[in-house]
*Asks:* 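For reference, the structure I am asking about is given below.
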Amino acid sequence: MALSSISFLFFFSSFIFSVSHSIPFIVIHGIGDQCSNRGLKKFTQELSSFSGVEGYCIEIGNGSWDSWFVSLKEQAEIVCEKVKQMKELKEGYNIVGLSQGNLIGRGVVEFCEGGPPVKNFVSLGGPHAGTASVPLCGSGIFCILADQLIKGEVYSSYIQEHLAPSGYLKLPNAIPDYLENCRFLPVLNNEIPDKRNSTYKERFSSLQNLVLIMFEHDTVLIPKETSWFGYYPDGYFNPILPPQSTQLYIEDWIGLRTLDEAGKVHFISVPGKHLGISEPDMKKYVVPYLKGQTSLEARFSMRGVNQKVIQSNMMEVEEPSTTPLLDGSLSYSWPAPFKTFIGEFIGINQEEST
């Protein structure tokens with residue numbers, strides 16, 4: 001009897017130890033979104049519930065507006081300071097990036113001095129190699145004119161400073177201009193030949209896992225393969241190169257090849273539109289990388305007890321829904337104040353353009 005009590009106490013103590021040292025995660029949202037939005041709150045809460053670890057959505061400024069009009073460099077600096085101040089993250093944490101938020105997250109990994117270590121990075125629909133199209137606001141004459149204006153001036157100082165997506169717009173037919181004047185992605189991807197930073201590569205290649213999720217029907221990212229670091233060859237809009245055929249991978253500018261050869265990169269394709277991940281796919285491809293090593297240790301230490309807990313939970317949980325938990329396509333439209341600004345700039349108003 002005494003022996004059984006001692007054995008139970010040992011297993012119970014082991015379980016408590018593992019849980020208390022679980023690694024939290026942060027969510028960095030995409031453009032046009034904010035942490036207070038219902039869909040993003042639910043996404044963060046469900047990830048936390050499924051993984052059994054604490055999760056935090058990190059807001060930048062006022063959220064939606066600043067995600068459009070604060071430069072990505074500044075957004076990454078804001079997140080860097082926030083994670084350094086969060087005592088919950090001091091032992092390390094995981095990142096779940098959504099769309100544009102992935103570039104901010106990578107900026108934290110590569111640029112953030114003195115921040116807590118990032119263990120796993122889970123990317124949902126990230127424009128890692130850039131995108132060849134700016135987000136469109138529609139098909140009216142106003143939108144057509146505004147789109148052409150942005151494309152023509154995208155590498156100007158003013159647009160680079162005030163329009164976040166310009167920091168990762170990579171036009172294959174304007175690579176010299178992109179390398180010289182685009183202020184964020186060429187630095188993040190170590191693309192500038194005489195300015196490659198070994199520290200950025202060292203920090204990125206220190207990740208334990210890099211999970212790259214591409215959405216099969218993504219029409220927001222051009223091409224969708226940018227979610228895997230695939231992209232067009234310089235000077236052409238075809239073919240689409242797989243990540244392993246890009247110079248970034250071949251010459252290992254940021255450590256992607258190093259990570260891949262170590263078996264730490266996971267290229268995953270799921271059905272759905274931009275960010276339209278279902279609950280089953282989230283549980284299969286995202287949750288395992290949030291549980292971390294400590295959670296696995298807890299399962300092994302409490303093997304008999306853990307099996308009972310799982311069986312109990314299975315009786316209570318309903319069949320998972322295949323309905324997408326997020327719809328990232330909706331946020332990729334220009335906000336009304338910006339349309340007004342562009343309309344005034346080109347001398348028309350929106351009512352005249354519809």
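Values below: every heavy atom of this structure, side chains too, minus hydrogens, waters and symmetry copies.
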*Asks:* Using atom types as modelled and distance alone, determine if a side-chain donor or acceptor of Asn120 lies under 3.5 Å from a backbone N or O of Asn209.
*Replies:* yes
*Asks:* Ignoring hydrogens and angles, tell me if any N or O in the side chain of Gln160 forms a donor-acceptor pair with the backbone of Ser166 under 3.5 Å.
*Replies:* yes
*Asks:* Please step through side chain to side chain contact (heavy atoms under 4.5 Å, CB included) for the pair Met86 and Ile58, ending with a clear verdict.
*Replies:* CA-CA 11 Å; Met86 292 177 66; Ile58 305 298; 3.7 Å; yes
*Asks:* Report the residues that fulfil ring-ring contact (aromatic ring centres under 6.0 Å, His included) with His128, sequence neighbours left out, ordered by chain and then residue number.
*Replies:* Phe229
*Asks:* When you measure from the side chain of Gln34 to the backbone N and O of Glu59, does any donor-acceptor pair fall under 3.5 Å?
*Replies:* no
*Asks:* Applying the side chain to side chain contact (heavy atoms under 4.5 Å, CB included) criterion to Ser123, which one of Asn102, Leu98, Val96 satisfies it?
*Replies:* Asn102
*Asks:* Atom CZ in Arg196, atom CD in Glu191: separation rounded to 0.5 Å?
*Replies:* 8.0 Å
*Asks:* Could Glu113 and Lys84 be called an ion pair, given the rule that one side-chain N must be under 4.0 Å from one carboxylate O?
*Replies:* no
*Asks:* Give the minimum heavy-atom separation between Phe215 and Gly276, together with the two atoms involved.
*Replies:* CE2-N, 3.5 Å
*Asks:* Quick one, Ser99 with His274, criterion side chain to side chain contact (heavy atoms under 4.5 Å, CB included). Give me CA distance, side-chain angles, the key distance, then yes/no.
*Replies:* CA-CA 8 Å; Ser99 195; His274 188 63; 2.8 Å; yes
*Asks:* Which heavy atom of Pro239 sits nearest a heavy atom of Pro233, and at what distance?
*Replies:* O-CD, 2.9 Å
*Asks:* What is the distance from atom CZ of Phe204 to atom CG of Asn197, rounded to the nearest 0.5 Å?
*Replies:* 14.5 Å
*Asks:* Counting N and O atoms only, with roles assigned by atom type, does the side chain of Ser48 sit under 3.5 Å from a partner on the main chain of Thr44, one being a donor and the other an acceptor?
*Replies:* no
*Asks:* Between Tyr56 and Glu88, is there a donor-acceptor pair closer than 3.5 Å when you use the side chain of the first and the backbone of the second?
*Replies:* no
*Asks:* Is the side chain of Ser67 donor-acceptor paired with the backbone N or O of Ser64 at a distance under 3.5 Å, no angle test?
*Replies:* yes
*Asks:* Between Val154 and Val70, is there shared hydrophobic-cluster membership here, with clusters defined by ILVMFWY side-chain heavy atoms closer than 4.5 Å?
*Replies:* no
*Asks:* On a heavy-atom basis, which atom in Asp66 and which in Ile60 lie closest, and how many Å separate them?
*Replies:* CB-O, 3.8 Å
*Asks:* Starting from Leu171, can I reach Leu72 by hopping between I/L/V/M/F/W/Y residues whose side chains sit under 4.5 Å apart?
*Replies:* yes
*Asks:* The criterion is salt bridge (charged side-chain N to carboxylate O under 4.0 Å, His left out); which residues satisfy it with Glu110, sequence neighbours excluded?
*Replies:* Arg106
*Asks:* Could you see if Leu248 belongs to whatever hydrophobic cluster contains Phe184? Use Ile, Leu, Val, Met, Phe, Trp, Tyr and a side-chain cutoff under 4.5 Å.
*Replies:* yes
*Asks:* Would you name the heavy atoms of Leu210 and Leu259 that are closest together and state the gap between them?
*Replies:* CD2-CD1, 4.3 Å
*Asks:* As an exercise, state the distance from OG of Ser269 to CD of Glu225, rounded to the nearest 0.5 Å.
*Replies:* 9.0 Å
*Asks:* Hey, could you give me the CD1/OG distance between Ile23 and Ser51, rounded to the nearest 0.5 Å?
*Replies:* 11.5 Å
*Asks:* Looking at Asp252, is its backbone amide N or carbonyl O close enough to the side chain of Lys201 to form a donor-acceptor pair, meaning the two atoms are under 3.5 Å apart?
*Replies:* yes
*Asks:* Which heavy atom of Leu290 sits nearest to which heavy atom of Val53, and what is that distance?
*Replies:* O-CG2, 3.8 Å
*Asks:* Report the C-alpha distance between Tyr93 and Val118 in whole Å, list the side-chain angles of each, state the deciding distance to 0.1 Å, and finish with yes or no for side chain to side chain contact (heavy atoms under 4.5 Å, CB included).
*Replies:* CA-CA 5 Å; Tyr93 64 103; Val118 178; 3.4 Å; yes
*Asks:* Could you see if Trp65 belongs to whatever hydrophobic cluster contains Ile31? Use Ile, Leu, Val, Met, Phe, Trp, Tyr and a side-chain cutoff under 4.5 Å.
*Replies:* yes
*Asks:* For the residue pair Tyr289 and His266, is the inter-centroid distance of their aromatic rings smaller than 6.0 Å?
*Replies:* yes
*Asks:* Does a side chain donor of either Ser157 or Arg183 reach within less than 3.5 Å of an acceptor in the other side chain?
*Replies:* yes
*Asks:* Would you compute the distance between atom NE2 of His29 and atom CG of Leu40 and round it to the nearest 0.5 angstrom?
*Replies:* 6.5 Å
*Asks:* Do Leu241 and Ile175 belong together in a cluster built from hydrophobic side chains that touch within less than 4.5 Å?
*Replies:* no
*Asks:* Going through the distances and angles, do Val286 and Ile213 end up as a side chain to side chain contact (heavy atoms under 4.5 Å, CB included)?
*Replies:* CA-CA 9 Å; Val286 179; Ile213 299 177; 3.8 Å; yes
*Asks:* Is the side chain of Tyr155 donor-acceptor paired with the backbone N or O of Leu169 at a distance under 3.5 Å, no angle test?
*Replies:* yes
*Asks:* If we ignore angles and hydrogens, is there a donor and acceptor under 3.5 Å between the side chains of Tyr168 and Gln100?
*Replies:* yes
*Asks:* Minimum heavy-atom separation for Ile95 and Val109, please, with both atom names.
*Replies:* CD1-CG2, 4.2 Å
*Asks:* Quick check against the 3.5 Å criterion: does Thr226 have a side-chain atom that pairs as donor or acceptor with the backbone of Ala129?
*Replies:* yes
*Asks:* Just how far is it from atom CD of Gln75 to atom SG of Cys80, taken to the nearest 0.5 Å?
*Replies:* 14.0 Å
*Asks:* Does any N or O in the side chain of Thr131 come within less than 3.5 Å of the main-chain N or O of Ile222, such that one atom is a donor and the other an acceptor?
*Replies:* yes
